[in-house]
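Below you'll find the structure, written out as C-alpha cells, and then a few comments.
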2 protein chains.
Amino acid sequence: MHVVWYTAMSMDGRIADTKQSLDFLETIGPSDDTRGDFQAFLATIDAVVVGATTLRWLLRRGHGWPHDDLPTWLIAHDPGLVSDVGSTRAPFRRMEGSVGAVFQEIAAGGHERVWLCGGGAVAGQALESDRIDEVVVTVAPTALGAGPALFDADNIRDRRFRLVECRSLGGDAARLRWLRDRRT
Amino acid sequence: MHVVWYTAMSMDGRIADTKQSLDFLETIGPSDDTRGDFQAFLATIDAVVVGATTLRWLLRRGHGWPHDDLPTWLIAHDPGLVSDVGSTRAPFRRMEGSVGAVFQEIAAGGHERVWLCGGGAVAGQALESDRIDEVVVTVAPTALGAGPALFDADNIRDRRFRLVECRSLGGDAARLRWLRDRRT
C-alpha cells in the first residue's frame, strides 16, 4: 500500500491560516495544469483518509464530501460528522484513535493507493508511524506566518525523502514531490 | 535598499528544530552548487541583520560571527551578546525594538543589499513591516514536524510573491526563490 500526502502549502509551510481558512489557495491561480494534475492524481487513488478539521472546512463551504465516489476513512471523535456528510456513493467510515490502526484497516481491505487528504496533524501522526510514502505539495506564492503546517508532530525522527519533482506550475506556484527514503 | 531572506528550511517549512538545532541542514548534502551559490550571494551583500537566537546558535557551535567582514545589525535585548562576539572587522551594532527602525538605520547608512540571516521571528517582523524584497530558500529533504518557521508572525496580510527560481540543487534539496509582488 502506498500513501500519498497530496496538498498545498504557503511558502512558509502552512496548509491553512490560524482560522483554518484555505483562502491562500486562491494565490495559486486557476492553472489548467494544476487542475488537470489533481484529476489525474485522483484517478490513481482507491481510498482516502481525511481528518475532522479538513472535513469540517469542506462542509462549512457547502462542498459536502467531494470525493464520495472513493472509499473514505474519517479520523474524528465526533460521530455527528458522518450524518453531516449524509449519503455517499462509496463507503464512508469514521474511526477514532491511532492513525496506524486506520492504515492497517485500509491495507487489510486490499486498497493500494491512499490519498491522505488532510490535515497537518493527521499527516504528522502518519509520518510518526512512518506510513507516508510520498508527498506531493504545491507551494503557493504567499506567506501566512502562522497556522497548521505540512506536518505537525512532536516526535518525527529520521524522516528523509528523495526529491523526484521540482518545477514551476506556471503562475507563481511551485510543485515539489518527494518519495520517502527508507534507508534513513 | 533590497532585503533578502536567504535561508534553508525543512520540507515542512521549519528553519530549525524545537531545540533550535540546525542539524537538518546536513540532509541538504555538501553540494558544490549550494556552497558556491551561497558565496556568490554573500559577495553581493553589504549589510547583515541577525536575531539573537541565530547568533547564539552560531556562538554555541564555536563559529563566532562568521560574517564579521560585513556591517552587521544584531536584534537582541541582551547586551552581553556583543561582547561574546568580540572584535569584528566591520562594525557590529546591537539594536532593540522594532525591526523597522533597524532597516531605517541601515538604509540611512547607504547600504543597498541586506541579508536577513535569521531567524523566523525577525523575518516575520520584517514581513509585517513589508521590508522583505526577496526570499531565497533551500528546501531540505527532511521533515521536522515542529520548530520555528520561515516566517513566524501573527499579522501577515496580503504578502504575495512571484516565483523566479525553482530547481533541484542536485542531491535531494530544492531551491525556491521569490520576489515580493507589491501589486498585492
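Labels below follow one simple rule: chain letters A, B, ... track the order of the sequence lines, proteins then strands, and each chain is numbered from 1.
Chain A forms more heavy-atom pairs under 4.5 Å with one residue of B/E128, B/R162, B/R175 than with any other, namely B/R162. Interface check for chain A: of the options B/L127, B/L150, B/D12, the most heavy-atom pairs under 4.5 Å are formed by B/D12. Between chain B and the options A/A174, A/A143, A/G145, A/G147, heavy-atom pairs under 4.5 Å are most frequent for A/G145. Ranked by heavy-atom pairs shorter than 4.5 Å toward chain B, the options A/A146, A/P141, A/G13 are led by A/P141. Put simply, of A/V137, A/V139, A/N155, the one with the most heavy-atom pairs under 4.5 Å next to chain B is A/V139.
For B/V135, the part lying under 4.5 angstrom from a heavy atom of chain A is the side chain only. Proximity to chain B is absent for every atom of A/A123, based on heavy atoms less than 4.5 angstrom apart. At a 4.5 Å heavy-atom cutoff, the contact between B/L144 and chain A is made by backbone atoms alone. For A/T18, no part lies near chain B; criterion is any non-hydrogen pair under 4.5 Å. For A/V164, no part lies near chain B; criterion is any non-hydrogen pair under 4.5 Å.
Side-chain atoms of A/H2 and A/E134 include a donor-acceptor pair closer than 3.5 Å. Under 3.5 Å, the side chains of A/W65 and A/T72 contain a donor-acceptor pair of N or O atoms.
Ionic pairing of A/D181 and A/R183 is present here: one or more N-O contacts between side-chain nitrogen and carboxylate oxygen are shorter than 4.0 angstrom. Using a cut-off of 4.0 Å between Lys/Arg side-chain N and Asp/Glu carboxylate O, B/D152 and A/R14 are scored as salt-bridged. Salt bridge annotation for A/D23-A/R61: present, with a cationic side-chain nitrogen under 4.0 angstrom from a carboxylate oxygen.
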- Task: Kindly determine whether A/T142 and B/R160 satisfy side chain to side chain donor-acceptor pair (under 3.5 Å), including the steps that lead there.
- Result: CA-CA 5 Å; A/T142 192; B/R160 289 277 300 278; 5.2 Å; no
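A/F103 and A/L179 sit in two unconnected hydrophobic clusters of ILVMFWY residues. Membership requires side-chain heavy atoms under 4.5 Å apart, directly or through other members.
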